[in-house]
Amino acid sequence: MIYEEIIMELTDPVSAIKGIGEITQKLFNRLDIESVGELLTYYPMRYDTFSDPGPIAELKEGAEGVICGTVSRVTEPRYRSAVKILTCVVTDSSGSIELVWFNQPYVKYDLKAGYFFIFRGRVSLKGKKLQMEQAKVYRREDYYKLQTALQPVYRLTSGLTNNAVTKAMKQALTITGDMPEYVPLKFRKQFDLIKKNHAVTEMHFPKSRETMLEARRSLVFEEFFLFMVYLRQMALGREERENVVRITDDGSCDDFINSLPYKLTADQVKVFNEIKKDMAGSRVMARLIQGDVGSGKTVIAELALLMTARAHHQGAIMAPTEVLAKQHYISISRDMEKYGITCTLLVGSMTAAEKKKVYADIAEHRADIVIGTHTLFQEKLVFDDLALCITDEQHRFGVKQRENLSKKGVRPHILVMSATPIPRTLAMMMYGDMDISAITTMPAERLPIKNCVVGTAYRNTAYNFIAKQVEEGRQAYVVCPMVEGEEDTEAENVTDYTEKLREVYGNSLTVEKLHGKMKAKEKNDIMERFAKGEINVLVSTTVVEVGVNVPNATVMMVENAERFGLAQLHQLRGRVGRGSSQSYCIFICGKESEDAKERLGILLKSNNGFDIANEDLRLRGPGDLFGIRQCGEMYFKLGDVYNDHELLNTANEAVSSLTDKELSDIVEKMYVGGAKEVFQFFNNYVTI
Ligand code: ADP
Ligand code: MG
């Protein structure tokens, strides 16, 4: 073989890899992989294991099967409709089965009649008989070789095959030696961590499960370590926090509480008292409110804003989506009117002229309360006297973003609200500088939501049920995992589903759709109409997952529920059960597997976000460390703050033990070593 040296650097675009042309490069870009270095940290989603072949007689429909047998009756590839079809029959001592390949005529050359092969493919039902589709064909010795190692399976995008990623990865791995080693040698020794270049190679092509887990442990440690370094670095810049704007209630808050149509829960009262104490105290407020979905955090935010505005200061509340910001704006401005307080909305979809006016209103203090999305970070936005910053659904924002908003005031009070049930130790680490309040009780008059997990055969019953609820004046959400049908034909999508429901209901109901690809203005309009009750059934992606509050909606139906994480399903469920009427949640399981049923069964047993996250973790177990991360929104590449929390603690202790000099050396190395991306990553993605 002619040895061809590949000259490449980590920062080179992936097209530096042989075999990656312009088109393939674009596909990689779609997966957020720009450089060779980024490709290297694109870790497999899971690994394929090659199980021993089993008897043909024991194959099951819908599952993947591996069989070993002799080939007979190979057909010539022929056309049926536009599809080229090839078949053969495979026989072992237990029976025979027909194998079929669509549009893979070349497989014919592998199939020699009378020879033994191993076949691996999906088993489906054709008429009354089982068949195996699109099987991979292996010579026995090749298959046994594959069995000894784990094969990486990467998350793909259409047009890019696993094989293509694997091939590219093999080339990229020749330069792992260039990857910077951030964890100091003393810790690597102390905690038995392996060298970065070995660990990365091992992650992609593990020799065994054990060595892969060892590699993973080292890389997760590094990930957490850098994150902690980042947090400590950020904390360094913070000054002693004296309260320069002491704020007290002038009686408006009591009045507001008395005029509410409900009584505050004991926890809400407790948290609001803590806030009052903070804002009037000697130190500026920095408080995190943790409370499960529907526990009533918004009203507390409103009280804090009211108190601030009545004291002639400005307050801001930031929400992660326009839909949510708009919703807050509508309810808060309505509530504040009688106290002579002016609210204003600032979101990305507004025209430049509209924004300009809002900027002026805020700078000249014509607006007391500003409600917006991350548009509130905009440099052009200057407050006259910002004294309170609230972030709703904090876990949707990066750490840095929380800081950025608070820089807009002299030293504003900070309140962050989150429904993500992160473990308390973790919360203390990440919000080391904050006080934590918890709302653990739900408003009393809530009826518990009735849940069911059912198969697709239940759909018509569900549609009838929804129609009945609508007749009683209620509304419903139907959530699908996809926007359109092209990407993945096996899951329901919002576009086709909306059409389907319109056919089902004819003119009797108004069915509309909502998804992330729609323009912000369209989304807002739909949400507004839904809130007003003009839309009966809203077919949506998970954009309705965060914070949306339409108490009149009583049905949440989720299609392909098996595709969502439990924490996410719990958030979706939180969209109903917000009013005094009985609410219902229908989880439709697209693929009926025992695993999915057991997992979804947790939702039937518990209505507590924290328990659900933990149970989910227990079920997934350490065997599925690479399953789609589904609890909370903590987004590390490899690390899982629940599963790996011991490692997180270790990394935290290691970072705390660093001297200032050591810390700044590492930070410098992170910048020099191209780890700007690391910071970027934390700013953009790591969310608490
Ligand atoms: P979250 O904590 O998820 O943000 P919200 O603040 O949106 O929850 O509150 C959910 C719903 O519960 C809203 O319709 C709100 O008006 C209502 N709510 C809030 N507090 C109470 C209470 N003490 N009693 C009854 N309903 C309440
Ligand atoms: Mg909320």
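Start at 1 and go down the list; that is how both ligands and their atoms are numbered.
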Check your understanding: Of the options K326, E354, K523, E322, which is the one that meets S349 in a side-chain hydrogen bond (donor to acceptor under 3.5 Å, both in side chains)?
Key -> E322
Check your understanding: Would you say G291 and ligand 1 have an N/O pair spaced under 3.5 Å apart?
Key -> no
Exercise for review: Under 4.0 Å from a heavy atom of T265: give me the atoms of ligand 1 that qualify, with their elements.
Suggested key: 23 (N)
Exercise for review: Identify the two heavy atoms, one from S581 and one from T554, that lie closest to each other, and give their separation to 0.1 Å.
Suggested key: CB-CG2, 4.1 Å
Review point. Which residues pass the side-chain hydrogen bond (donor to acceptor under 3.5 Å, both in side chains) test with T298, sequence neighbours left out?
Key: none
Revision key, fill the gap. For atom 19 (C) of ligand 1, the closest protein heavy atom turns out to be Y262 OH, 3.5 Å
Practice item. Considering non-hydrogen atoms only, spot the tightest contact between M417 and A301 and give its length. Key: CE-CB, 3.7 Å
**Study point:** P551: numbered ligand 1 atoms lying under 4.0 Å from its heavy atoms
**Key:** 14 (O)
Revision key, fill the gap. Shortest non-hydrogen pair, A387 vs T308, comes out as CB-CG2, 4.0 Å
Exercise for review: Look at the rings of Y463 and Y497 and say which category their plane angle falls in: under 30° parallel, 30 to 60° tilted, over 60° perpendicular.
Suggested key: perpendicular
**Study point:** Counterpart residues, side-chain contact (heavy atoms from CB on, under 4.5 Å), relative to E274 (two or more places apart)
**Key:** K270, V271, R287, S437
Practice item. Determine the minimum heavy-atom distance between L381 and F383, stating which atoms define it. Key: CD2-CE1, 3.8 Å
Exercise for review: Would you check whether G294 reaches within less than 4.0 Å of ligand 1, judged by its heavy atoms?
Suggested key: yes
Point to revise | Contact check, side chains of N549 and Q327, non-hydrogen atoms, under 4.5 Å | key: yes
Review point. Is there side-chain contact between L600 and C589, with heavy atoms separated by less than 4.5 Å?
Key: yes
Check your understanding: What is the nearest protein non-hydrogen atom to atom 8 (O) of ligand 1, stated with its residue, atom name and distance?
Key -> G296 N, 3.4 Å
Practice item. Specify the protein heavy atom at minimum distance from atom 2 (O) of ligand 1: its residue, its atom name, and the distance to 0.1 Å. Key: K297 NZ, 2.8 Å
**Study point:** For K263, the ligand 1 atoms whose distance to one of its heavy atoms is below 4.0 Å
**Key:** 22 (C), 23 (N), 24 (N)
Check your understanding: Which protein heavy atom lies closest to atom 10 (C) of ligand 1, and at what distance to 0.1 Å?
Key -> R578 NH1, 3.1 Å
Check your understanding: Which ligand 1 atoms are under 4.0 Å away from a heavy-atom of T298?
Key -> 4 (O), 5 (P), 6 (O), 7 (O)
Revision key, fill the gap. Closest to atom 12 (O) of ligand 1 among protein heavy atoms sits R446 NH2, 2.4 Å
Check your understanding: Please state which protein non-hydrogen atom is closest to atom 20 (N) of ligand 1 and give its distance, to 0.1 Å?
Key -> Q268 NE2, 3.0 Å
Check your understanding: Which atoms of ligand 1 are found less than 4.0 Å from any heavy atom of V293?
Key -> 3 (O)
Exercise for review: Would you mind checking which non-hydrogen protein atom is closest to atom 13 (C) of ligand 1, with the distance to 0.1 Å?
Suggested key: N549 ND2, 3.5 Å
Exercise for review: Heavy-atom contacts with L264 under 4.0 Å: which atoms of ligand 1 show up? List them by number with element.
Suggested key: 23 (N)
